[in-house]
Amino acid sequence: MLTPEQRLDHLHTSLRARLDTPARTWLTTALTEAAQGAEATPAVGAPPAVGAPPAWETRFASAGRCCTRHEPPHEPDPEAAEAARVLMLCRARADAPTVTRLAAHGTAAERRAVLLALPYLELGPAAVPLVEDALRTNDTWLVAAAVGPYAARHLDAHAWRHAVLKCLFTGVPLSAVAELAPRARGDAELARMLRDYARERTAAGRDLPEDLHRALALTEPTPAHRTPVGRSPAPHNPTEPHNPHRAPGPTEPHNPHRTPGPTEP
């Protein structure tokens with residue numbers, strides 16, 4: 001497993017490979033300015049500087065225009081811009097007030113980059129309000145970014161369960177939820193919420209999303225005692241042998257075609 005630093009190095013290398021020459025020059029300058037911004041960060045407890053924002057924050061906003069593809073016709077590349085913004089935040093060692101300000105005044109793409117960078121920044125729980133704010137939206141792009149490793153570490157049980165349900169409501173694949181299996185395992189309250197959701201959809205004549213079955217299965221202490229969604233537990237048949245070695249189903253599918261998106265440090 002790669003360390004966070006190795007993931008960022010890989011992201012940087014992959015990003016440069018997909019940019020054209022002017023965009024690579026722009027990226028080098030942006031990351032240099034971000035690193036200089038980190039060196040100029042006031043000490044903890046010092047009053048914030050007054051005046052224009054650091055140069056790298058201006059580049060953070062312009063990444064969508066400046067990150068252009070290597071291949072003709074050299075059009076702007078949204079995924080490259082996202083990766084560049086994450087790298088800038090990490091090079092600048094952005095603190096909680098900075099990420100909060102950038103998210104508050106930024107576009108949806110900028111907010112998503114902030115969310116994706118959170119696991120790499122040493123913020124503790126200070127950025128939880130940004131995650132909660134994203135989970136209140138119906139923007140699947142933001143919701144998917146909000147349920148990454150930072151949420152897995154810092155959301156309390158109640159908020160995390162509702163984040164899982166939010167994914168089901170909005171159609172975000174549960175593969176986006178970091179640490180889903182270990183956090184869901186044996187979670188009786190999450191199982192209750194999922195069954196209530198299943199009953200509501202069934203009563204409304206709506207199909208149950210496949211991810212709902214998967215999430216419910218993960219809440220079981222062991223895979224041997226799963227109860228199908230919407231059904232009562234079947235009576236035990238003493239003539240039917242029990243197989244304790246049945247392997248659980250797959251958990252989080254990997255998409256090898258996803259361009260470098262730093263989601264799991």
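Numbering of residues begins at 1 and proceeds along the displayed sequence. Side chains are part of it too, since the values below use all heavy atoms of this structure and drop only hydrogens, waters and symmetry mates. Fair warning: this is a prediction, and the values are worked out from it, not measured in the lab.
A heavy-atom distance below 4.5 Å is found between the side chains of Arg201 and Pro209. At least one side-chain heavy atom of Leu194 sits under 4.5 Å from a side-chain heavy atom of Leu165. Looking at heavy atoms from C-beta onward, Glu57 lies in side-chain contact with Arg101 at the 4.5 angstrom threshold. Using a 4.5 Å heavy-atom cutoff, the side chains of Cys67 and Leu27 are not in contact. Contact annotation: the side chain of Asn138 approaches that of Lys166 to within less than 4.5 Å [non-hydrogen atoms, C-beta and beyond].
Atom CG of residue Leu2 and atom CG of residue Leu11 lie 11.5 Å apart, to the nearest 0.5 angstrom. Tyr120 contributes atom OH, which lies 9.5 Å from atom CD of Glu5 (distance to the nearest 0.5 angstrom). With rounding to the nearest 0.5 Å, the separation of NE2 in His213 from CG in Leu216 is 8.5 Å. Taking NE2 of His162 as the reference point, atom CG of Leu190 lies at 10.0 Å (rounded to 0.5 Å). Residue Arg185 holds its CZ atom at 5.5 Å from CG of Leu218, rounded to the nearest 0.5 Å. Here the CZ-CG distance, from Arg214 to Leu168, works out to 10.0 Å after rounding to the nearest 0.5 Å.
Across Leu121 and Cys90, no two heavy atoms sit closer than the pair CD2-CA, 4.0 Å. Closest non-hydrogen pair, Ala144 versus Arg112, comes out as CB-NH1, 4.5 Å. Annotation for Leu19 and Ala80: closest pair CD2-CB, 3.8 Å, computed over non-hydrogen atoms. Ala163 and Leu135 make their closest contact through CB-CD1, 3.7 Å (heavy atoms, listed as atom of the first residue, atom of the second, distance). The nearest pair of heavy atoms linking Leu89 to Ala117 is CD1-CB, 3.6 Å. Minimum interatomic distance between Ala184 and Trp160 (heavy atoms only, all atoms of both residues): N-CH2, 3.8 Å.
Around atom CG of Asp207, no more than 12 heavy atoms belonging to other residues, nucleotides or ligands sit under 6.0 Å away.
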Please walk me through it: do Asp77 and Thr68 pass side chain to side chain contact (heavy atoms under 4.5 Å, CB included)? CA-CA 5 Å; Asp77 186 336; Thr68 44; over 6 Å; no

Could you give me the CA-CA distance, side-chain angles and deciding distance for Thr219 and Asp187, then say whether side-chain hydrogen bond (donor to acceptor under 3.5 Å, both in side chains) is met? CA-CA 5 Å; Thr219 64; Asp187 190 334; over 6 Å; no

Show your working on side chain to side chain contact (heavy atoms under 4.5 Å, CB included) between Cys167 and Val147 and close with a plain yes or no. CA-CA 9 Å; Cys167 289; Val147 292; 4.1 Å; yes

His12 and Arg7: side chain to side chain contact (heavy atoms under 4.5 Å, CB included), yes or no, with the steps? CA-CA 9 Å; His12 186 196; Arg7 289 181 183 276; over 6 Å; no

The test is side chain to side chain contact (heavy atoms under 4.5 Å, CB included); show your working for Phe169 and Val143 and say whether it passes. CA-CA 11 Å; Phe169 293 154; Val143 172; over 6 Å; no

Checking Thr21 against Arg24 for the side-chain hydrogen bond (donor to acceptor under 3.5 Å, both in side chains) test, could you report, in this order, the C-alpha distance in whole Å, the side-chain angles of both residues, the deciding distance, and whether it holds? CA-CA 5 Å; Thr21 300; Arg24 287 198 295 270; 3.2 Å; yes

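Panel note: side chain Thr98, backbone Ala94; no donor-acceptor pair is recorded below 3.5 Å. Without hydrogens or angle criteria, Gln6 side chain to Thr3 main chain gives a donor-acceptor distance under 3.5 Å.
Donor-acceptor pairing under 3.5 Å is recorded for the side chains of Arg16 and Thr28. A donor atom on one side chain and an acceptor atom on the other are not found under 3.5 Å apart for Ser62 and Arg59.
Under 4.0 Å is where a charged nitrogen must lie from a carboxylate oxygen, and between Arg192 and Glu189 at least one such pair does. Between Asp20 and Arg69, none of the side-chain N atoms (NZ, or NE/NH1/NH2) sits under 4.0 Å from a carboxylate O, so this pair counts as no salt bridge. Between Arg111 and Asp133 there is a salt bridge, with a side-chain nitrogen of the basic residue lying less than 4.0 Å from a carboxylate oxygen of the acidic one.
Between Tyr150 and His154, the two ring planes are tilted [angle within 30° to 60°].
Placement of Trp141 and Val177 in two distinct hydrophobic clusters is found when ILVMFWY residues are connected by side-chain heavy-atom separations under 4.5 Å, directly or transitively.
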